[in-house]
Structure formats: structure tokens, C-alpha cells
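Report on one structure; see the data block that follows.
Below, chain A is the first sequence line, B the second, and so on; all start at residue 1. These numbers were taken from a predicted model, which means no experiment stands behind them.
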2 protein chains.
Amino acid sequence: MSRLPIYLRTLADLPPSQTTCSSEQMAALAGVNSAQVRKDLSFLGSHGTRGVGYGVLELRSQLRRALGLNTDYAVIIVGAGNLGAALSNYGGFETWGFAVVAIVDADPAKIGTEVAGIQVESIDQLEHIVAERSVEIAIIATPSRVAQDVANRVTGAGVRSILNFAPAVLDVPATVKVRRVDLSTELQILTYHLQQ
Amino acid sequence: MSRLPIYLRTLADLPPSQTTCSSEQMAALAGVNSAQVRKDLSFLGSHGTRGVGYGVLELRSQLRRALGLNTDYAVIIVGAGNLGAALSNYGGFETWGFAVVAIVDADPAKIGTEVAGIQVESIDQLEHIVAERSVEIAIIATPSRVAQDVANRVTGAGVRSILNFAPAVLDVPATVKVRRVDLSTELQILTYHLQQ
DNA sequence: TAGATTGTTAATCGATTAACAATC
DNA sequence: TAGATTGTTAATCGATTAACAATC
């Protein structure tokens with residue numbers, strides 16, 4: 001196992017009201033095999049007790065550490081259009097340790113307005129903001145036309161992780177990680193089952 | 001292979017200016033192994049010519065058929081907030097055979113306004129719209145609080161595919177397929193590599 | 001002690017890839 | 001014919017799972 005399986009994230013949220021939990025229970029919860037759960041947990045340096053199960057509190061903090069949920073990551077959103085606004089308003093980020101520290105846009109009419117309680121700043125400030133606020137993740141929510149430009153600028157400024165919502169393939173240095181959320185692909189996958 | 005690999009979709013868009021294309025070229029394009037390309041295409045009932053490659057036009061139409069890109073799917077967007085608006089404005093849907101036939105919202109202030117050239121309708125009309133316009137896919141872009149309610153209503157109305165943007169797990173009949181786009185998970189995956 | 005559950009091995013399964021005869 | 005590329009087999013690789021001794 002080179003990388004932590006993502007299903008473990010659901011277990012990082014286990015209610016501590018239950019003091020222990022068996023691999024069988026966790027498997028049912030996460031929809032995987034119990035042997036897999038035991039194997040993955042043992043890889044983390046397991047702390048189960050035979051005949052009893054795993055201590056939930058211990059497990060939670062262990063998983064959170066392993067999954068990087070204890071650190072806060074500073075996020076910049078580039079593009080204050082509908083998508084940028086939707087992302088800013090999205091409630092789920094803080095829960096998982098992401099802090100939106102800036103929203104920037106190129107449109108002078110948008111600069112200075114508030115989106116989700118954050119003032120939109122000028123894209124001219126991008127490099128400055130990234131450096132000053134230790135931004136680690138950039139979310140590109142611009143038209144595809146300018147996505148590559150933005151990617152160049154954020155990577156130039158030192159960002160090493162990009163979440164790209166623009167329907168465009170970005171060309172970045174190998175050290176930069178890009179994840180693309182392609183809404184069409186998501187719909188595509190849904191249609192597999194429509195065709196029986 | 002139980003299901004068509006999604007990487008084939010990139011090949012369905014091959015420029016027909018090039019009359020033939022080798023498995024090697026396609027592999028480079030899609031970032032997979034050439035043997036895999038040949039195997040998958042042969043599964044579709046292959047039409048390559050040894051020593052030459054695959055006919056691009058033939059391949060395109062074959063892939064489009066196999067991937068279901070020839071049919072048009074009617075989509076309803078539930079929620080005309082920032083996310084709903086972002087999705088409506090998203091240019092990529094039509095390209096892949098999805099037609100947004102309605103946007104509905106519960107807020108009377110939003111009903112009647114235009115989003116991406118489509119008039120927002122009342123959520124009261126949901127069942128009526130689904131039936132009348134043969135809606136097959138629902139996109140849930142509402143607050144999580146009401147997501148389950150919406151899911152109940154759209155499945156009740158006959159929708160069998162849901163793309164869920166609300167950070168909530170939906171409880172639906174087994175015959176209904178739900179895909180959840182969880183923005184936090186996407187960020188999560190990005191952070192794996194931040195931790196070296 | 002008896003029952004439950006871990007941790008780990010070995011078996012299984014499936015997916016990926018190398019290799020090459022077939023053949024354009 | 002010579003070179004290129006397919007289609008497919010067999011080998012490899014990795015991931016999943018069954019099974020069970022260890023042990024709480």
C-alpha cells in the first residue's frame with residue numbers, strides 16, 4: 001500500500017460515544033472488507049486489542065494525523081464568479097482543515113465586494129498573497145480561457161497543489177499536483193447505468 | 001472488464017484530421033499502456049488494421065456509441081444559488097450530450113429570474129417538470145439540510161441518477177444511482193502529496 | 001476457560017503489461 | 001518483401017480476501 005486509502009476518512013469521523021469498534025463494524029460502515037480494514041490499520045501501526053476491537057478515540061486521532069487532518073491548509077480561490085462564490089460559501093472546507101484565506105478576481109467591478117464574508121482582492125496581488133499568507137492550495141474557478149495563465153502564476157508563486165474546475169488540461173511542472181474536477185465526467189459516469 | 005474505462009472518453013474526441021491513429025499514440029494521449037488500449041478497443045469489437053492503426057472516424061463513432069455520447073440526457077438542476085448558477089453557466093455539458101432542461105428553487109425571490117438563459121421555476125413544479133420533460137438526471141445543488149428531501153422528491157418523480165453536490169449522504173432506493181462530488185475529498189487527495 | 005477479535009500469512013482474484021505471431 | 005502495428009496469450013504485478021494461530 002503506497003498511499004492511504006480514502007475510505008479511512010469516513011472512520012476518522014467515528015462517534016467516540018462508542019468506546020471500541022471492531023474491524024467488522026468499521027468494514028460495514030465503510031463498505032469494505034474487514035481484512036482490509038485490519039491490514040490498513042496495522043500499516044498505520046495498529047492498536048487493536050484481540051477479542052475487543054480498536055479504541056475509537058485512539059483510532060480517531062491516529063487516523064486524523066495520518067490523513068493530515070490536523071494541519072490547516074491555506075487555500076486561495078481564483079475567480080469570484082458563480083463557481084468561486086459557490087466554493088467560498090461551501091460549508092465543508094473548515095471541517096476538514098482547509099481555510100480559504102483569499103479570493104481574487106480580475107474584474108474591477110468584483111474587487112472589494114464581499115463573498116462569503118471575504119473581500120475579493122485583485123488578481124494583481126496574487127503572488128503577494130500567496131507568499132504572505134503561506135498559501136498551499138489554489139482552486140481555479142475561472143473561465144477555461146485563462147486557466148493556464150492562472151496556473152502559471154500560482155505555480156510561479158510557489159503553490160504546489162491545484163484543484164482545477166475549468167474544463168481545460170493544465171500544463172504544469174512535474175512537482176505540482178493538479179486535480180481536475182470535470183463535471184461532465186461525473187455526469188458521464190452516471191449515464192453508464194442509465195444504459196442498463 | 002465489466003465497465004468501459006473512462007480514459008476512452010478522451011479518445012472519443014480525437015481530431016479526425018488525422019485519418020488513422022496507432023494504439024501507441026492513443027496510449028500516449030490518454031496516459032495509459034498501449035496494450036491496454038488495444039485490449040479495450042478489441043473488447044468493443046475492434047477495427048484496427050495491422051501495420052496501420054485505427055481509423056479515427058470509425059473509432060470516434062464507435063466510442064461515442066459505446067460511451068453513450070450519442071444520446072441526449074435531460075438534466076434538472078435543483079437549487080439556483082451560486083452553485084446551481086455555476087453549473088448552469090458551465091459550458092461543458094452540451095458537448096457531452098447533456099441538456100439542462102430546468103432549474104428550480106424554493107426561494108420565491110429567485111423564481112422567474114434568469115440563470116444562464118434559463119428561467120428559474122418553482123420547486124413545486126418539480127414532479128411535473130420531471131415527467132413532462134423526461135428528466136433523467138437531477139443535480140442537487142441545495143444546502144445539505146434539504147438535500148435528502150430533494151432526493152426523495154426527484155426519485156419519487158422517477159429520476160434514476162443523481163449528482164449530489166451537497167455535503168450529505170443521501171438515502172435512496174437501490175435502483176437509484178448517486179454520485180457525490182465532495183469538494184473536501186478532492187482537497188484531501190491533494191494534500192497527500194503536500195505531506196511529501 | 002470460552003468467546004471474540006486481532007494481525008498476518010497464503011490464496012485468490014483481477015488488472016496491467018510484455019511479448020510475439022499474425023498480417024496489413 | 002520489409003516495416004509497422006494489431007490482437008491475444010501468458011506473465012507479472014498488486015490488491016483483495018479467506019483463513020487461522022495468537023491472544024485479550
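- The shortest distance between side-chain heavy atoms of B:Leu126 and B:Val154 falls below 4.5 Å.
- For the helix from C:dG3-D:dC24 to C:dC24-D:dG3, the end axes, each set by the C1' atoms of five terminal pairs, are bent relative to each other by 10° (nearest 10°).
- Residues A:Thr49 and B:Gly48 each lie close to DNA chain D; by heavy-atom proximity, the contact nearer the 5' end of the strand is made by B:Gly48.
- The CG-P distance, from A:Leu41 to C:dT5, rounds to 15 Å in whole Å.
- One finds no side-chain N or O of A:Ser23 lying less than 4.0 angstrom from the OP1 or OP2 phosphate oxygen of C:dT5.
- Atom CG of A:Leu59 is separated from atom P of C:dT5 by 16 Å (rounded to the nearest Å).
- At the phosphate of C:dT8, OP1 or OP2 sits under 4.0 Å from a side-chain N or O atom of A:Ser42.
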Where protein sits on nucleotides 16-22 of chain C, one letter per nucleotide: B base, S sugar-phosphate only, - none, heavy atoms under 4.0 Å
BBBB--B
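- Of all heavy-atom pairs spanning B:Ile103 and B:Ser88, the tightest one is CD1-OG, 3.2 Å.
- Within the 3.5 Å criterion, the main-chain N or O of B:His47 finds no donor-acceptor partner in the side chain of B:Gln62.
- Counting heavy atoms from C-beta on, the side chains of A:Leu170 and A:Ile140 come closer than 4.5 Å.
- In this structure, B:Glu127 pairs ionically with B:Arg153, as a charged nitrogen and a carboxylate oxygen lie closer than 4.0 Å.
- Using a 4.0 Å cut-off, no side-chain N or O of B:Tyr54 falls inside it from OP1 or OP2 of D:dA4.
- Using a 4.5 Å heavy-atom threshold, the side chains of B:Ile123 and B:Val78 count as touching.
- Ion pairing between A:Arg133 and A:Glu121 holds under the 4.0 Å rule for side-chain N and carboxylate O.
- Distance CZ (B:Phe43) to C1' (C:dA15): 14 Å, rounded to an integer number of Å.
- In terms of hydrophobic clustering, with Ile, Leu, Val, Met, Phe, Trp and Tyr side chains grouped at heavy-atom distances under 4.5 Å, B:Val150 and B:Ile111 are assigned to different clusters.
- For the pair B:Met26/B:Leu41, a side-chain contact is recorded, criterion being any heavy-atom separation below 4.5 Å from C-beta on.
- Here the P atom of nucleotide D:dG3 and the CD atom of B:Glu24 are 19 Å apart, to the nearest Å.
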